[in-house]
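Inspection log for the structure reproduced underneath, given as structure tokens.
Numbering starts at 1 and runs along the sequence shown. Since the structure is predicted, the reported quantities are computational estimates derived from the model, not experimental observations.
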Amino acid sequence: MQCNKAVFDASFEVLDERREKMAALAHGALTLLREHRDRQPPSDSELIMEILLDLIERKDDIRQTQEGVYRAAGLQGWEG
């Protein structure tokens, strides 16, 4: 199987850009939720948004997946 490193790089770049957009949207939603209440414990919606935001912001998971794909494809010299 012949694999092109540029194709992998472009695919993971798109994933990273989408992750950043999702994180920005999640931050915005969480901020909006917090602005609509005053000194109350976090709502269920806020707690869910915080969990989703934590999952979205895990850049290391994407990098580890990318490294695994490179290894599986037999591509040498992956620097991350």
Side-chain angles (χ1 to χ4, degrees):
M1 170 172 95
Q2 185 66 21
C3 297
N4 185 340
K5 187 175 184 294
V7 172
F8 286 129
D9 286 343
S11 298
F12 279 99
E13 184 176 316
V14 168
L15 281 175
D16 196 46
E17 288 172 6
R18 288 186 179 163
R19 183 201 53 75
E20 287 180 22
K21 288 178 183 177
M22 287 188 299
L25 286 171
H27 272 291
L30 190 55
T31 300
L32 196 64
L33 285 168
R34 287 182 173 158
E35 286 177 355
H36 283 100
R37 65 168 178 80
D38 187 7
R39 295 183 185 240
Q40 296 175 2
S43 67
D44 289 344
S45 300
E46 287 176 295
L47 295 173
I48 290 168
M49 287 301 297
E50 287 174 359
I51 291 168
L52 290 173
L53 187 56
D54 182 55
L55 291 172
I56 291 169
E57 289 183 326
R58 292 185 181 190
K59 283 181 153 181
D60 292 340
D61 291 346
I62 290 177
R63 287 189 187 115
Q64 289 171 358
T65 301
Q66 185 176 9
E67 185 177 349
V69 168
Y70 280 116
R71 271 187 267 155
L75 296 171
Q76 300 294 323
W78 185 76
E79 293 93 28

*What distance do E50 atom CD and H27 atom NE2 have between them, rounded to the nearest 0.5 Å?*
10.5 Å
*Write down the atom of I62, the atom of L15, and the distance for their closest heavy-atom approach.*
CD1-O, 4.4 Å
*Heavy-atom closest contact (M49 atom, A29 atom, distance)*: CE-CB, 3.4 Å
*Beyond-backbone contact of D16 with E20, side-chain heavy atoms, under 4.5 angstrom*: yes
_Spatial distance of atom CG (L30) from atom CG (L52) [nearest 0.5 Å]_ = 10.0 Å
_Give me the atom names and distance for the closest heavy-atom approach of V69 to F12._
CG2-CZ, 4.0 Å
*When rounded to the nearest 0.5 angstrom, what is the spacing between CG in L33 and CG in L47?*
10.5 Å
*Given side chains that start at C-beta, do those of R63 and E67 come closer than 4.5 Å, heavy atoms only?*
no
*Minimal non-hydrogen separation, A23 against E57, with atom names*: CB-CG, 4.1 Å
*Please round to the nearest 0.5 Å and tell me the distance separating atom CZ of R34 and atom CD of Q40.*
13.5 Å
*Same apolar cluster (I L V M F W Y, side chains within < 4.5 Å links), M22/L53*: no
_As an exercise, state the distance from CG of D60 to CD of Q66, rounded to the nearest 0.5 Å._
12.0 Å
*Looking only at atom types and distance, does a side-chain atom of Q64 sit under 3.5 Å from a main-chain N or O of D61, one as donor and one as acceptor?*
no
